[in-house]
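The next block holds one structure in the form of structure tokens; read it before the comments.
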Amino acid sequence: MSKKLNILITAGPTQEPLDPVRYLTNASSGKMGYALAHAAITLGHRVTLVSGPVSLKPPNKAKFIPVQTALQMRTQVMRHFAKQDVVMMVAAVADYRPKHFSKQKIKKTRSSFTLKLVRNPDILKEICSKKRKNQIIVGFAAETEKFLQNAKQKLHSKKCDWIILNDVSQKGIGFNSDKNKITLLNQKGVFLHLGPSAKKNLASIILQKIIRSC
Ligand code: CTP
């Protein structure tokens with residue numbers, strides 16, 4: 001390895017609380033983000049892992065920062081961003097959170113009720129707008145349709161260096177699975193298709209390709 005890099009990785013879902021016992025979340029297991037964190041440590045880099053709630057063990061050598069909500073994830077990413085050479089936003093960040101948090105458990109007194117949601121900040125877009133020239137920022141695009149079109153749109157609208165397209169429409173790959181099928185895109189276009197393969201194998205290939213561009 002030529003250079004020891006500071007790499008920040010976000011992983012897992014976020015949980016957006018509604019009351020003390022309920023929250024909105026998604027099916028992300030954190031496996032891809034944790035596999036990337038392990039691979040980066042194995043390659044000798046310094047890793048900060050900002051993770052939503054998952055049942056995985058973080059690598060011993062990583063600086064581990066557990067969070068619950070998108071707002072907490074944003075705070076931690078912004079706090080550590082300036083020192084990073086590479087940021088990989090692998091987390092499935094909730095786009096919306098309940099507008100009101102009820103301090104008491106919501107009782108089923110009404111026959112129906114409407115939940116008001118408000119937009120969470122787009123962390124990836126925000127860091128891309130603040131990045132230094134020599135920082136590499138990688139986003140993930142979890143898609144169920146129009147895969148390349150949506151991934152290219154995300155790459156351009158968020159202005160990141162790389163987007164890793166993730167097909168989450170099929171059982172056995174993507175969310176909550178040990179395997180994944182991905183496509184790496186950068187501002188020049190499609191760079192590489194990988195998988196279906198174990199997330200662990202994909203993680204070390206992704207890292208090596210991206211680090212080569214540092
Ligand atoms: N992301 C983020 N902040 C958000 C939502 C997403 O930083 N509030 C990041 C994710 O970590 C990922 C990328 O943006 O790296 C794309 O996330 P994805 O859920 O695929 O797309 P969205 O931007 O949420 O757009 P949409 O839900 O409309 O597909």
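Counting starts at 1 for both ligands and their atoms, following the listed order. This is a predicted model, so every value here is computed, not measured. Note that these values count all heavy atoms, side chains included, but never hydrogens, waters or copies made by symmetry.
Looking at Arg46, its side chain never comes within 3.5 Å of a backbone N or O of Leu5 through a donor-acceptor pair. With hydrogens and angles ignored, the 3.5 Å screen pairs a side-chain donor or acceptor of Gln208 with a backbone N or O of Ser204. Counting only distance, with no hydrogens or angles, the side chain of Thr14 and the backbone of Ala94 share a donor-acceptor pair below 3.5 Å. Between the side chain of Gln76 and the main chain of Val50, no donor-acceptor pair closer than 3.5 Å is present.
Side-chain contact between Pro98 and Glu16 is present, with at least one heavy-atom pair separated by less than 4.5 Å. In this structure the side chain of Asp167 never reaches within 4.5 angstrom of the side chain of Leu165, judged on heavy atoms. Looking at heavy atoms from C-beta onward, Val77 lies out of side-chain contact with Glu126 at the 4.5 angstrom threshold.
At under 3.5 Å, a nitrogen or oxygen of Met89, whether backbone or side chain, sits near a nitrogen or oxygen of ligand 1. Below 3.5 Å of separation, one finds an N or O of Phe140 facing an N or O of ligand 1. For ligand 1, the polar-atom distance check against Val93 finds no nitrogen or oxygen pair separated by under 3.5 Å. At least one N/O-N/O distance between Leu124 and ligand 1 falls below 3.5 Å. In terms of polar-atom proximity, Asp95 is counted as a contact of ligand 1, with an N or O under 3.5 Å from an N or O of the ligand. Considering backbone and side-chain N/O of Lys158, one or more are found under 3.5 Å from N/O of ligand 1. At least one N or O atom of Ala91 sits closer than 3.5 Å to an N or O atom of ligand 1.
At least one heavy atom of Pro121 sits closer than 4.0 Å to an atom of ligand 1. The shortest heavy-atom distance from Ala92 to ligand 1 is not under 4.0 Å.
With Lys31 as the fixed residue, the side-chain contact (heavy atoms from CB on, under 4.5 Å) test singles out one of Leu56, Val54, Leu36: Leu56. Put simply, the residue from Leu115, Leu117, Val118 that forms a side-chain contact (heavy atoms from CB on, under 4.5 Å) with Tyr96 is Leu117.
Every atom of ligand 1 is numbered from 1 in the order shown, and the set under 4.0 Å from a heavy atom of Gly139 is 15 (O). Atoms of ligand 1 found under 4.0 Å from any heavy atom of Ala141, numbered from 1 in the order shown, are 20 (O).
Scanning all protein heavy atoms for the shortest distance to atom 3 (N) of ligand 1 gives Ile123 N, 3.1 Å.
Checking atom 23 (O) of ligand 1 against the protein gives a heavy-atom contact under 4.0 Å.
Thr69 and Tyr23 share no side-chain donor-acceptor pair at under 3.5 Å.
For the residues Arg97, Gln153, Lys154, Glu143, the heavy atom positioned nearest atom 20 (O) of ligand 1 is part of Lys154.
Proximity of Lys125 to ligand 1, defined as any heavy-atom pair under 4.0 Å, is not found for any part of the residue. With a heavy-atom cut-off of 4.0 Å, Ala70 does not touch ligand 1 at all.
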